[in-house]
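One structure is given here, and the rest of the page talks about it.
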Amino acid sequence: MQAKEYAPKLVELLKDSDTSVRYAAVKALGQMQAKEYAPKVVELLKDSNSDVRNTAANALGQMQAKEYAPKLVELLKGSDLSVRYAAAEALGQMQAKEYAPKLAELLKDSDLTVRYAAAEALPKLGQQNLPVVVQVLDAVQLYPSEVAELRFLAHFISSGSQEVETLMQWVGKPKSRPEKLSRDQGKKTMELFDKAWKLSDSLPDLRQELAEQIAVVANKVSWQPQDMGLLQRHHTNLKGYTQASTVESVIVKVKGWQYFFNARNTILIHAAFWLALIFAYPKFPQVQAIFFWNPWVRRILGVGYVGFLLTWVPFLRRKLFEPFKPSLLADAGLDNFNERAYFPESQVKVPISTPPLAPPPQSPQRGEPPHGAALRKRGGEENLNNMASEIQPITEALPSIQGQIVLVGDSGLGKSMFLRHLVNTSKRIVVCLPAQKCDNGVIEAIQAKLHGQAQDADFLKNLIYSGAIDICIDGLNEVTADTRAKITQFVESYFRGNIIMTTQPLEWTPPSTAKIYELQPLKPEQIQQFLLSRQLRLPKDAKIQGADYEQVCIRYLKESLNNQQSPEELAATQRILSNPMDLTVVALMLSQGKQPDLFYLQEQQYKLMAAEYQQEWNQEFPLKKFSEAVYQMRLNDEQALPADEFYQVLMSLEDEKYKMVVSRQWKDEKGEAQKKWYFRHDKIMDFFLVQNFLGDTAEAETRLIDHMGDPRFRGVYFLLATLLPLQAAKELREKLIQYAADTKDHTVSDTFVQLLRSR
């Protein structure tokens, strides 16, 4: 019975001198669970009789007097096995979880019953973590016969924890161990071993087993450099164990890869740094100046390979040249170019790769002059050239700048317009150069448009030779023979480069590495098509537009090409109308309600402009003064018109009704707005130049003779065939024929004769 009201009487008996009385009293108090008397029971834990101590411990357990658990822990180290048994059992009853490690130590007790008591008590303390489980697994080393029970105990008290389950796959004498391990599994296992090692400082038997399994796992896994820290910790832990050498050999192997990956990572970080700079480069002048335009910074920080990649990787090249794109393309005048207005139907004579064999030498035939054989030979060569070429639309024959090309064509056929079309549609790095800017060399002309790494001569040469940068050189006929020779030498030296050059027909030796393409006049069926397509470029305030413009064009062409003209006059008319530049002037005049005079187009356009100039500015157009300035500008190979002196003139010439000049605007390095004016076409400039060659003055006569061989004034002589008095024109014709006979240069004389014949 639980006569708890008599507990005080029992407490009095705890001090009885009779051992059996004390034993019975404390046992009864325990059965009553009279926790309020626990302090009195605790005093008996030091009783001289082991049975009393044993019973006192049991009583405290029954009372759930957890606050006295430390007193019971002291008994765990006692010499009496029954006391140790009772203390362990009492701690289990109290569920004193914080003393689980002390209980786990009893699993290695020499007495089986004590070990049994500890094994019974541990599950009552709730789920246990690695520190307690390590103690359980260490007991396996001492009592191999109890392996199954102890391993089950470890599993049970950990509630099947994944961490404990993994550890038990390797230590605690498992029946088998994993054969294969992934790197991730191996890493987790070794991290677990590291934890267990720190908890086994006083467990030499378990540490020995851990050392063996650390070596096994180290050999089973393909480690990576980032695992080096974990391996080195184990190597440090294993000092004094034979297994340390095994881990050391693994570390040596991984270090080799670590050096490789460290080098790789360094290179990747360095490359990422420069790649970030490349992306920042177009927008930030500081990045341009510090990292790319400073050769020492570029070479030292670039470690050699940066400059190489900038030269050979297309994407990086484009980024490098991106800030210079406006400068590289400035001379193309794309701000005044309308792709929709470009006429893509123009045709070109395309050379065939394998020309036919030249004809054999011919002897003079009976009755012909000595030079007849040469003439027949020349005619035969022309026939062969025709056979060795074919006519194609220029946009099909030359869809891009590929290889080395010389595009030859008369003034006004659209050579410069085609270059602008190519540049405008190209996705590559392109530089446009007027031939006049190449007087010091092509490389030097490109360098003038660049800065920093991009300006380096060796860098540019590599780019050009590898075909990484496309070059357009316009107007070879407008420069001296020395400049053409420099350009030719450059082209032949960089025979792998993509270079296109334009010129009017002239006597010269083109680069041997280039193919010659001849731009053709418009065919009769293309004339009307071209004229109608000019609507896109007509002034917005044009008097005649839309369907009315189309009717006017059709009627004008019908009248101009009527069959009542003489064959010579009809041929001359067709020649003018087949020239896109002249046909553009015709379109402008028709849109203003004027009747174009084909043989005096430039003069007619000038007179219309001059009349408006006088009306607007209340003074006559300063033709003589302006023409002299243009002449001096041409002699000095200058392109920009003198705006300070002729501002009013340029305003009138720029009027949309005439479009004789165009302006280009930009901001200089200081951010200040700049503006310059240029002739829209050489034919317009030729009209003002020819004014310096007309008249009976000695100066005009001298100029007629002095510039016969100057390709810059070729168009002037063609105008003279029309503008000079007939007799004066005939006299000039004879002089040109004599010049051609002496120099073998017929590029001016032949066309001059044809133009004069039409008069």
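Residues take their numbers from the sequence shown, with the count starting at 1.
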Run the side-chain hydrogen bond (donor to acceptor under 3.5 Å, both in side chains) test against Thr113 and tell me which residues pass, sequence neighbours left out.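 Applying side-chain hydrogen bond (donor to acceptor under 3.5 Å, both in side chains) to Thr113 gives Asp111.
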Please list, chain by chain and in numerical order, all residues satisfying side-chain hydrogen bond (donor to acceptor under 3.5 Å, both in side chains) with Ser182, sequence neighbours excluded.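 Expected list: Gln185.
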Under 3.5 Å donor-acceptor, [X] side chain and [Y] backbone:
X      : Y      : value
Lys220 : Lys180 : no
Gln128 : Gly126 : yes
Asp138 : Leu206 : yes
Arg84  : Val114 : no
Ser426 : Arg428 : yes
Ser158 : His155 : yes
Asn219 : Val216 : no
Asn49  : Asp51  : yes

Can you name the closest pair of heavy atoms from [X] and [Y] and give their distance?
X      : Y      : answer
Ala211 : Tyr241 : CB-CD2, 3.8 Å
Leu422 : Leu398 : CD2-O, 3.6 Å
Leu203 : Leu199 : CD1-O, 4.1 Å
Leu76  : Leu106 : CD2-CD1, 3.4 Å
Val140 : Gly172 : CG1-O, 3.7 Å
Leu150 : Tyr143 : CD1-O, 4.5 Å

ask   = Could you walk me through whether Ile443 and Ile464 pass the side-chain contact (heavy atoms from CB on, under 4.5 Å) check?
value = CA-CA 9 Å; Ile443 293 289; Ile464 295 167; 3.5 Å; yes
Looking at side-chain heavy atoms only, is the closest gap between [X] and [Y] below 4.5 Å?
X      : Y      : answer
Cys432 : Leu328 : no
Gln243 : Gln208 : yes
Thr246 : Leu238 : no
Gln135 : Lys108 : yes
Val423 : Leu329 : yes
Leu450 : Ser327 : no
Val491 : Val442 : no
Val254 : Gln224 : no

| message | Run the side-chain contact (heavy atoms from CB on, under 4.5 Å) test on Val134 and Leu137 for me, step by step, so that the C-alpha distance in whole Å, both residues' side-chain angles and the decisive distance to 0.1 Å come before the verdict. | response | CA-CA 5 Å; Val134 165; Leu137 295 177; 5.8 Å; no
Interatomic distance, [X] atom [atom1] to [Y] atom [atom2] [nearest 0.5 angstrom]:
X      : Y      : atom1 : atom2 : value
Glu339 : Asn424 : CD    : CG    : 5.0 Å
Lys461 : Ser493 : NZ    : OG    : 9.5 Å
Lys325 : Leu334 : NZ    : CG    : 9.0 Å
Asp470 : Ser400 : CG    : OG    : 7.5 Å
Leu167 : Thr189 : CG    : OG1   : 9.5 Å
Ile469 : Ile499 : CD1   : CD1   : 10.0 Å

- Item | Distance-only polar pair, side chains of Ser222 and Arg183, donor-acceptor under 3.5 Å |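 Side chains of Ser222 and Arg183: no pair found under 3.5 Å.
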Is the shortest distance from a Lys or Arg side-chain nitrogen in Lys188 or Asp184 to a carboxylate oxygen in the other one below 4.0 Å?
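A salt bridge links Lys188 with Asp184.
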Next item on the list: Kindly determine whether Phe193 and Thr166 satisfy side-chain contact (heavy atoms from CB on, under 4.5 Å), including the steps that lead there.
Entry: CA-CA 10 Å; Phe193 284 168; Thr166 300; over 6 Å; no
Going by salt bridge (Lys or Arg N to Asp or Glu O under 4.0 Å), name the residues that satisfy it together with Arg151, two or more places apart in sequence or in a different chain.
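Testing Arg151 for salt bridge (Lys or Arg N to Asp or Glu O under 4.0 Å), a comparison that skips the adjacent residues, returns none.
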Requested in this report: Run the numbers on Asp201 and Arg207 for side-chain contact (heavy atoms from CB on, under 4.5 Å), then give the verdict.
Outcome: CA-CA 8 Å; Asp201 186 42; Arg207 275 203 166 179; 3.7 Å; yes
All N/O donor-acceptor pairs, side-chain side in residues 87-105, below 3.5 Å, sequence neighbours left out:
| unit_1 | atom_1 | unit_2 | atom_2 | d |
| --- | --- | --- | --- | --- |
| Lys97 | NZ | Gln127 | O | 3.1 |

Checklist entry - Step by step, would you call Glu209 with Gln141 a side-chain hydrogen bond (donor to acceptor under 3.5 Å, both in side chains)? => result CA-CA 9 Å; Glu209 188 178 19; Gln141 314 299 322; 2.5 Å; yes
Exercise for review: Flag yes if more than 12 heavy atoms outside Lys195 fall under 6.0 Å of its NZ atom; otherwise flag no.
Suggested key: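 No - once you tally the heavy atoms of other residues, nucleotides and ligands closer than 6.0 Å, there are 12 at most.
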Check side-chain contact (heavy atoms from CB on, under 4.5 Å) between Pro123 and all other residues, then give those that pass, not counting sequence neighbours.
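Here the qualifying residues are Leu153, Phe156, Ile157.
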Could you list the residues that satisfy side-chain contact (heavy atoms from CB on, under 4.5 Å) with Asn237, not counting sequence neighbours?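 In terms of side-chain contact (heavy atoms from CB on, under 4.5 Å), with neighbours along the sequence ignored, Asn237 is linked to Asp194, Trp197, His234.
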| Stepwise, does the side-chain hydrogen bond (donor to acceptor under 3.5 Å, both in side chains) test hold for Thr513 with Gln404? | CA-CA 7 Å; Thr513 54; Gln404 298 188 336; 2.3 Å; yes
